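This report refers to the structure that appears directly beneath it.
Note that the structure is predicted; figures quoted are calculated from it, not measured. Residue numbers start from 1 in every chain, and the chains themselves are labelled A, B, ... in the order their sequence lines are given, proteins ahead of strands.
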2 protein chains.
Amino acid sequence: MTNDTYHHGDLKNALIRAGVEILARDGIGALSLRSVAREAGVSHSAPYAHFSDKQALIAAISTEGFHRLYAKLEAASAHFKSQPIKQITACARAYADFAVQERDIFNIMFSGVLEQEKAYPEFVEISKATAALLAKIVSSCQDAGIFPTGKTDLLSVAIWGQMHGIVSLALEKQISHTVLDQYKLNEILLFALNQFALVELT
Amino acid sequence: MTNDTYHHGDLKNALIRAGVEILARDGIGALSLRSVAREAGVSHSAPYAHFSDKQALIAAISTEGFHRLYAKLEAASAHFKSQPIKQITACARAYADFAVQERDIFNIMFSGVLEQEKAYPEFVEISKATAALLAKIVSSCQDAGIFPTGKTDLLSVAIWGQMHGIVSLALEKQISHTVLDQYKLNEILLFALNQFALVELT
DNA sequence: TGTATAATCTAGACAGTGTAAAGATATAAT
DNA sequence: ATTATATCTTTACACTGTCTAGATTATACA
């Protein structure tokens with residue numbers, strides 16, 4: 001797609017890819033409209049043909065991040081089809097892995113896109129789908145007698161929040177390294193998840 | 001302190017107060033070195049006499065934020081002296097209240113200060129003290145038979161992470177408003193906290 | 001097919017930002 | 001009292017997001 005014509009052909013997606021690349025390579029501080037344009041090889045104001053402002057580009061990059069997170073959770077879940085215990089623990093691990101490995105995308109995904117007055121339908125869609133995927137897994141755990149029945153959405157939000165918070169604090173280095181070294185992130189997540197469970201998750 | 005002399009007298013603290021004020025009034029997007037200097041009535045590079053760079057100012061504002069959070073948790077805890085059940089639930093509510101009411105300070109406190117290569121001793125001190133305060137309350141809950149004994153630090157981190165994550169997702173509007181309207185933030189927190197408890201927390 | 005219209009991209013400009021350097025002014029130390 | 005140090009202002013620079021005007025290409029319609 002990256003031919004040498006005046007018109008790029010697929011600039012919108014190229015800009016999103018460039019943003020993801022910059023986040024992974026140079027970190028969140030290096031992500032600017034202009035750096036993304038440079039990375040994609042276009043002029044500094046070319047992005048405005050596809051994104052109304054910087055927030056819109058960030059929303060698009062965050063949307064891509066949610067797609068990756070969804071795919072990772074979906075894969076973890078599919079890998080243990082009809083084994084709810086393994087599904088939920090694998091998802092917790094996948095969530096943590098994603099946050100650690102794609103740290104800056106993870107951070108940008110949760111840095112206020114939905115708080116904006118503007119609506120970003122694709123972002124809303126995939127983030128809702130991700131929440132629904134978690135709820136589905138939690139629900140199947142309930143059906144399997146792993147979690148108490150009822151209030152699936154409440155349970156699901158509580159579990160998501162728990163995973164999210166523990167992972168976030170760890171990324172922020174707010175969890176003392178003596179604790180983190182002793183237990184490791186996955187063990188903390190498992191311990192926390194087990195509080196909800198009727199049988200032991202391992 | 002704000003006399004009309006060339007030397008301000010207490011510029012460092014004035015800048016921190018100005019930063020806090022801007023965060024509360026105009027939000028995180030309006031927080032710049034120059035806006036803080038303007039708010040304090042000094043030239044745009046005056047802050048460099050007291051802060052090595054913007055990160056250092058943000059660290060100082062975040063430190064002030066942690067002092068406020070600590071004070072709020074301490075007050076909630078002190079108000080229910082030797083009533084561990086009420087202490088822990090009051091702390092959860094206080095944590096959520098702080099996050100909601102001082103939203104932008106809360107966000108800046110958890111936006112990577114400790115990830116920096118530079119060390120900010122006062123920030124480390126108060127954030128450790130806050131974690132220690134939570135651990136103390138959790139420990140007293142263990143002594144009172146509210147939480148299972150042992151692994152206090154693990155338990156404490158899991159509970160902190162849980163509160164932090166649920167509150168963060170709510171601030172981010174990632175918790176669907178149908179769920180949030182139905183249960184309210186405090187109820188979600190209480191439900192989640194109860195998973196750790198041997199007796200019912202209310 | 002040819003031409004008007006729209007979409008896409010470039011170039012230039014502007015105000016705002018973080019930061020560095022040089023100089024002015026007040027305080028502290030001797 | 002003089003020197004040294006801390007504090008603050010002014011100026012300057014590169015970089016940012018965004019706006020405008022104009023160039024180039026694709027699309028739609030006659």
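- A salt bridge links Glu115(A) to Arg103(B): one of the charged nitrogens lies within less than 4.0 Å of a carboxylate oxygen.
- Taking side-chain N and O atoms only, Tyr48(A) has no distance below 4.0 Å to OP1 or OP2 of dC9(C).
- In the set dT16(D), dT8(C), dT19(C), dT16(D) carries the atom at the smallest distance from any side-chain atom of Ser32(A).
- Counting heavy-atom neighbours within 6.0 Å of His67(B) NE2, excluding the residue itself, gives a total above 12.
- At the phosphate of dC8(D), neither OP1 nor OP2 sits under 4.0 Å from any side-chain N or O atom of Ser43(B).
- Protein atom CG of Leu15(B) is 11 Å distant from nucleotide atom C1' of dC8(D), rounded to whole Å.
- Other residues, nucleotides and ligands contribute over 12 non-hydrogen atoms within 6.0 Å of the NZ atom of Lys72(A).
- The side chain of Arg38(A) places no N or O atom within less than 4.0 Å of a non-bridging phosphate oxygen (OP1 or OP2) of dC15(D).
- Straight-line distance from the NZ atom of Lys54(A) to the C1' atom of dC19(D): 17 Å, rounded to whole Å.
- Rounded to whole Å, the distance from CZ on Phe51(B) to P on dC8(D) is 11 Å.
- The interatomic distance linking Asp26(A) (CG) with dT16(D) (P) rounds to 12 Å, in whole Å.
- Closest contact between the side chain of Arg34(A) and the listed nucleotides dC9(C), dT18(D), dA21(C) involves dT18(D).
- Residue side chain Ser35(A) does not reach the base of dT16(D) through any donor-acceptor N/O pair under 3.5 Å, judged by distance alone.
- In the displayed structure, Lys81(B) atom NZ is contacted under 6.0 Å by at most 12 heavy atoms of other residues, nucleotides or ligands.
- For Gln182(B), the CD atom is densely surrounded, since the number of other residues' heavy atoms within 6.0 Å is greater than 12.
- Atom pair His50(A):NE2 and dA7(C):P shows a separation of 12 Å (rounding to whole Å applied).
- Taking atom CG on Leu57(B) and atom P on dG18(C), their separation rounds to 9 Å, with Å as the unit.
- Nucleic acid contact class of His44(A) (heavy atoms, under 4.0 Å, all strands): base.
- Comparing dA20(C), dT16(D), dT10(C) by their nearest atom to the side chain of Ser45(B) picks out dA20(C).
- Between the CG atom of Leu11(B) and the P atom of dC8(D) there is a distance of 5 Å, rounded to whole Å.
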